[in-house]
Amino acid sequence: MLVAAALCPCPPLLVPEVAAGAAPELDALRAACLDAIGVLAAARPDRLVVLGPTDESGRGGYPQGAIGSFRGFGVDFEVPLGAAETAADRELPPSLSVGAWLLSRTDWDDAPVQALGVPRSLPRDRCLELGRETAAAAPRVALLVLGDGSACRTVKAPGYFDERAEGFDAEVARALGNADIAALAALGEERAADLQASGRACWQVLAGAAEGTEHSGRLLREEAPYGVGYFVAAWS
């Protein structure tokens, strides 16, 4: 059963070693993420599952101890997923590496951790099914859900400007802040893909995991500093 969820963005720039001189620009976002993860610890889960958007090559499960590397972003820096005596062989994809870094900032040892790479193109129905399966895997499951909103808020954004982007992000912010399962499940796959919203599939996995439960939500942070929608929320 899902007992809590933290929702955080996953740009590599969230990691100060990657952001370098630009690191202070996201200080407030980092602080909000750590606050959201604190809600997970307070829920006393039996298991924490980290969900992150990936391409097809990164899909599937990753065990505690899997290593997240930021060498692909020009930084010789890596971090393990949770506390583990030995490192797992399979390397985390970028989104889950950011999740591992966030957990390392909280010294997470409140429950065993595993990670799940969710393809960005995973259909809604399969996302909901995966969420149900994940929530049923332990009596008390917490989720750290990673993903960004639209990447089309400005002409300098990765996806250039799209007039639909601001409305899409507002819709997502309301759904995350209100723990609105139906609204998340109803997000359009094609529109999310057009707007390069990497979080759509992971948010719909969360919707499936939360079915049959009642959660209250809080939107802790919303911003779009680089033309990309970033949201931080906590469900409990």
Side-chain angles (χ1 to χ4, degrees), residues 1-8 10 33 36-54 56-68 80-93 95-104 106 108-147 175-176 179-182 184-185 187 198-217 233-236:
M1 181 181 75
L2 181 71
V3 295
L7 298 107
C8 298
C10 53
C33 289
I37 292 172
V39 172
L40 303 182
R44 298 184 179 180
D46 300 316
R47 179 180 303 179
L48 172 63
V49 181
V50 184
L51 304 175
T54 67
E56 284 294 330
S57 67
R59 75 182 302 162
Y62 296 81
Q64 185 162 313
I67 296 296
L81 178 68
E85 295 181 1
T86 57
D89 292 335
R90 193 179 184 196
E91 188 172 294
L92 297 169
S95 64
L96 294 176
S97 295
V98 172
W101 176 80
L102 286 171
L103 291 177
S104 75
T106 69
W108 179 272
D109 62 358
D110 297 87
V113 185
Q114 65 186 79
L116 186 62
V118 181
R120 297 178 188 88
S121 59
L122 196 67
R124 173 195 292 111
D125 290 347
R126 180 63 188 123
C127 290
L128 297 174
E129 181 182 357
L130 181 59
R132 297 180 196 111
E133 294 168 357
T134 302
R140 297 180 63 81
V141 174
L143 296 180
L144 172 55
V145 184
L146 302 161
L176 297 181
D180 190 334
I181 298 168
L184 290 179
L187 290 174
S198 70
R200 189 275 308 170
C202 289
W203 298 329
Q204 291 184 327
V205 173
L206 169 62
E211 285 182 359
T213 64
E214 292 187 8
H215 288 83
S216 60
W235 292 15
S236 60

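When a residue number appears, it is its place in the shown sequence, counting from 1.
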Q: Looking at R47 and A111, would you say the former's side chain and the latter's main chain have a donor-acceptor pair under 3.5 Å?
A: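 Such a contact is absent between R47 side chain and A111 backbone.
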Q: What pair of heavy atoms forms the shortest contact from A209 to A135, and how long is it?
A: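 Closest heavy-atom pair between A209 and A135: O-CB, 3.5 Å.
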Q: What are the two closest heavy atoms between R90 and G61, and how far apart are they?
A: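 What the structure gives for the nearest pair is NH1-O, 2.9 Å.
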Q: Are the side chain of R140 and the backbone of R44 linked by a donor-acceptor contact shorter than 3.5 Å?
A: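 Yes.
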Q: Could you go through L184 and L176, starting from their C-alpha distance and side-chain angles, then the distance that decides it, and tell me whether this counts as side chain to side chain contact (heavy atoms under 4.5 Å, CB included)?
A: CA-CA 8 Å; L184 290 179; L176 297 181; 3.8 Å; yes
Q: Out of the candidates R59, Q204, E129, only one should pair with L122 under the side-chain contact (heavy atoms from CB on, under 4.5 Å) rule; please name it.
A: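 Per the side-chain contact (heavy atoms from CB on, under 4.5 Å) rule, the option paired with L122 is R59, out of R59, Q204, E129.
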Q: Identify the residue among V118, L116, L143, L146 that makes a side-chain contact (heavy atoms from CB on, under 4.5 Å) with C202.
A: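 Option passing the side-chain contact (heavy atoms from CB on, under 4.5 Å) with C202: V118.
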Q: List the steps, then state whether side chain to side chain contact (heavy atoms under 4.5 Å, CB included) holds for D46 with V3.
A: CA-CA 10 Å; D46 300 316; V3 295; over 6 Å; no
Q: Go through it in stages, so that I can follow the logic: the residues are W235 and L7, the test is side chain to side chain contact (heavy atoms under 4.5 Å, CB included), and I'd like the CA-CA distance, side-chain angles, deciding distance and then a yes or no.
A: CA-CA 8 Å; W235 292 15; L7 298 107; 3.7 Å; yes
Q: Can you tell me how far apart CD1 (I181) and CG (L2) are? Round to the nearest 0.5 Å.
A: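 Spacing of CD1 (I181) from CG (L2) equals 8.5 Å.
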Q: Between CH2 of W108 and CD1 of I37, what distance do you get to the nearest 0.5 Å?
A: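 Answer for the CH2-CD1 pair, W108 versus I37, is 8.0 Å.
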Q: Taking the side chain as every heavy atom from C-beta outward, state whether V50 and V113 have any atom pair closer than 4.5 Å.
A: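 Yes. Closest side-chain heavy atoms under 4.5 Å.
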Q: How long is the gap from CG on L96 to SG on C10, to the nearest 0.5 Å?
A: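 Here the interatomic distance stands at 8.5 Å.
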Q: What is the minimum heavy-atom distance between R200 and R120, and which atoms define it?
A: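 Smallest interatomic distance, heavy atoms only, reads NH2-O, 2.9 Å.
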Q: Could you state the interatomic distance from NE2 (H215) to CG (D180), rounded to the nearest 0.5 Å?
A: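 H215 NE2 to D180 CG: 14.0 Å, rounded to 0.5 Å.
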Q: Quick one: CG on L103 to CD on Q64, what's the gap to the nearest 0.5 Å?
A: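 That separation rounds to 9.5 Å.
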Q: Give the minimum heavy-atom separation between E56 and S121, together with the two atoms involved.
A: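 Taking E56 first and S121 second, the nearest heavy atoms are OE2-OG, 3.9 Å.
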Q: Shortest non-hydrogen contact from L92 to S97?
A: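 Smallest heavy-atom distance, with atoms named: O-OG, 3.4 Å.
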Q: In the structure I gave you, are the side-chain heavy atoms of L144 and L40 within less than 4.5 Å of one another anywhere?
A: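 Sidechains of L40 and L144: in contact.
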Q: Could you report the tightest heavy-atom contact between G58 and P93, atom names first, then the distance?
A: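 Taking G58 first and P93 second, the nearest heavy atoms are O-CG, 4.4 Å.
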